[in-house]
There are 2 protein chains.
Amino acid sequence: MVRKPASKETARKPNMREAILAAAEELFATNGFNAVSVRDIAQAAGANPGSVTYHFKTKDGLLLEIYRRHCGPMNLRRSELLAAAKRVRDLRDRLEAIVRAYVVPAFTSGSDLAGGGARFTRLRAVMSAEGNDVARRIIAQTFDDTSHAFIDAIHESLPHIPRTDIVWRSHFLLGALYYSLVTPDRVSRLSRGEADGSDAASAIEQLVQATVAAFQAPALDQAAPVRRRPAVPSKA
Amino acid sequence: MVRKPASKETARKPNMREAILAAAEELFATNGFNAVSVRDIAQAAGANPGSVTYHFKTKDGLLLEIYRRHCGPMNLRRSELLAAAKRVRDLRDRLEAIVRAYVVPAFTSGSDLAGGGARFTRLRAVMSAEGNDVARRIIAQTFDDTSHAFIDAIHESLPHIPRTDIVWRSHFLLGALYYSLVTPDRVSRLSRGEADGSDAASAIEQLVQATVAAFQAPALDQAAPVRRRPAVPSKA
DNA sequence: TGATCTTTTGTACGATAGTACAAATCCCAT
DNA sequence: ATGGGATTTGTACTATCGTACAAAAGATCA
């Protein structure tokens, strides 16, 4: 029952289980679920393929455990930040704080795990794109509560915007967030090297700034009738 | 050389090749590249597995052909709409027209192919998330030009915003666009049925409205120094 | 030290993957 | 109608997949 000294962090494989989890997380997040084989994961972790089966039974079980590892801490941190944000007096500042509370834990570590939450968030993005069943189940039962809490909080600081619009815009926020983690190189490329898409701090600030403005946009109902539809040629 | 009468559209399989392309597009877009087997595609198209090899040589070749089919028409349509948008006098209207020119072809058909461009855009989103190599190559050489054209156009109608910020925000736009096509059900769910995430018209209007506001947000450089950083508890 | 439990290794099995290829079939111009 | 290219079918091959399982190795405590 006594833990070994854990030496430093230099210990190569203090825990094979953790090594496998980390390797799987990285590989899944960059290549998707189906493109990565159990053997790939084992090799990246310096483990034996059979060892993966021993610790996680199935490949799905491995993915499930990755989610279990992160969901709790990340949502906890989000709750803390959200609670703090709701106490901000100024309405504009509060909105920004809420958005930040949503975004920051997704980029930085939502837990004590090395590599930070960015990798896990990217993994979620990829699983979502692939329509992964395990992920879908977990998301619906774990993240929807959090999402509702944020949507409600945002709605409170923007009472004149219909909830429907808030939902759409928060959906866009998550999409933008995901995509920033999936292909950060595209930002670097399109900015011709002037911006670094992999810089979390920049991504966060840009995302928060843009999103706050998006939330503050006038509601669709009241905006539409006033403005004329901009010219769009009929399609062939 | 004479085309057959094509009867109506009721002709079951006027062209096996097209049927395979359509089936592959649908399956790839919903399940990702690796999760779908050539046999799955053949079955969905009512074809023989060998027929896929005959028409497209390899699975990669099939994906490549899907891209070839859509990229041209979609980018052409975007160019047309962008050109029209640039002629809009009012600056705010012009920005909206530009954004619309970017968004609309991604949702509606960018070509004469059935099912519309939404399916292809969703496919691009999924391939991007999976880090698919074939897709990566095509995107870099086909879509970057278009993206630059849009970024430049937007920059012209928002000269006071640094190009870097425009790049980030257009990146967010694409992420939001992708995500809306990947998991439209999430919108329906979070809005408790009040919104229909799969309704292209709603998605477009919401996305355009939100994005225009995001582009119009003050630049980061000038915004940051004025505002205090909202309270964010130090992390554990 | 020796017994017992945990973890790792090595290997094997059935299923399915992508692709190749020959035979069968279809289609149209002659 | 018929010859010949285009297409479709059926099948087979090899590689790799996820997973199971027995044996080896390591750890723990009386």
Side-chain angles (χ1 to χ4, degrees), chain A residues 1-7 11-25 27-28 30-67 126-127 130-135, chain B residues 1-7 11-25 27-28 30-67 126-127 130-135:
Chain A
M1 200 53 75
V2 180
R3 292 235 154 231
K4 45 175 120 166
S7 60
R12 195 89 66 83
K13 280 178 263 176
N15 198 337
M16 190 86 272
R17 192 184 144 92
E18 296 299 324
I20 293 171
L21 278 170
E25 202 178 300
L27 287 173
F28 285 156
T30 35
N31 303 102
F33 186 74
N34 291 285
V36 177
S37 73
V38 173
R39 287 168 177 84
D40 290 338
I41 296 166
Q43 185 170 16
N48 189 284
S51 198
V52 176
T53 308
Y54 170 73
H55 284 290
F56 307 100
K57 203 62 191 171
T58 68
K59 197 182 172 188
D60 276 359
L62 174 52
L63 181 62
L64 197 68
E65 183 59 26
I66 292 175
Y67 271 85
V126 176
M127 294 304 116
E130 286 189 319
N132 184 284
D133 263 352
V134 175
Chain B
M1 201 51 77
V2 180
R3 292 236 152 229
K4 46 175 123 169
S7 60
R12 194 88 67 82
K13 279 178 262 174
N15 198 336
M16 191 84 272
R17 192 184 143 94
E18 296 300 324
I20 294 171
L21 278 169
E25 202 177 300
L27 288 172
F28 286 157
T30 35
N31 303 102
F33 185 75
N34 292 285
V36 177
S37 73
V38 172
R39 286 168 177 82
D40 290 337
I41 296 166
Q43 186 170 19
N48 189 283
S51 199
V52 177
T53 308
Y54 170 73
H55 284 291
F56 308 100
K57 201 62 190 174
T58 67
K59 198 181 172 189
D60 275 359
L62 174 53
L63 181 62
L64 197 68
E65 183 58 25
I66 293 175
Y67 272 85
V126 176
M127 294 303 117
E130 286 188 318
N132 184 285
D133 262 354
V134 175

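As the structure is a computational prediction, the values presented were derived from the model and not from experiment. Residue numbers begin at 1 in each chain, while the letters A, B, ... track the order of the sequences.
A:Leu63 has its side chain within reach of A:Phe28: a pair of non-hydrogen atoms, C-beta onward, lies under 4.5 Å apart. By the 4.5 Å heavy-atom criterion applied to side chains, A:Asp40 and A:Asn31 are not counted as neighbours.
Considering NZ of A:Lys59 and CZ of A:Phe33, their distance stands at 4.5 Å, rounded to 0.5 Å.
Remark: C1' of C:dG18 and CZ of B:Phe28 are 12 Å apart, rounded to the nearest angstrom. A straight line from CZ of A:Phe56 to P of C:dT8 spans 10 Å, rounded to a whole angstrom. Atom CG of A:Asn15 is separated from atom P of D:dA27 by 13 Å (rounded to the nearest Å). Remark: P of C:dT19 and CG of B:Leu63 are 12 Å apart, rounded to the nearest angstrom. To the nearest angstrom, P of C:dG18 lies 12 Å from CG of B:Leu27. Atom CD1 in B:Ile20 sits about 7 Å away from atom P in D:dT8, given to the nearest Å.
A distance-only check finds no donor-acceptor pair linking the side chain of A:Glu65 to the backbone of A:Phe56 [under 3.5 Å]. Checking side-chain atoms of A:Lys57 against main-chain N and O of A:Val52 turns up no donor-acceptor pair under 3.5 Å.
Proximity of B:His55 to the phosphate of D:dT8: a side-chain N or O atom is located under 4.0 Å from OP1 or OP2. Phosphate proximity of D:dT8 to B:Asn48: absent, as no side-chain N or O sits under 4.0 Å from OP1 or OP2.
Looking at the side chain of A:Met16, the nearest of the listed nucleotides D:dT9, C:dA20, C:dT8 is C:dT8.
Using a 4.0 Å cutoff on non-hydrogen atoms, the parts of residues 32-42 of chain A near DNA chain C are A:Arg39, ordered by number.
For A:Met16 against A:Ala45, the heavy-atom pair with the smallest separation is CE-O, 3.1 Å.
The nearest heavy atom of DNA chain D to A:Lys59 and to B:Arg17 marks one nucleotide each, and the one closer to the 5' end goes with B:Arg17. The nearest heavy atom of DNA chain C to A:Pro49 and to A:Tyr54 marks one nucleotide each, and the one closer to the 5' end goes with A:Tyr54.
Using modelled atom types, one finds no donor on one side chain facing an acceptor on the other under 3.5 Å when comparing B:Asn48 with B:Ser51.
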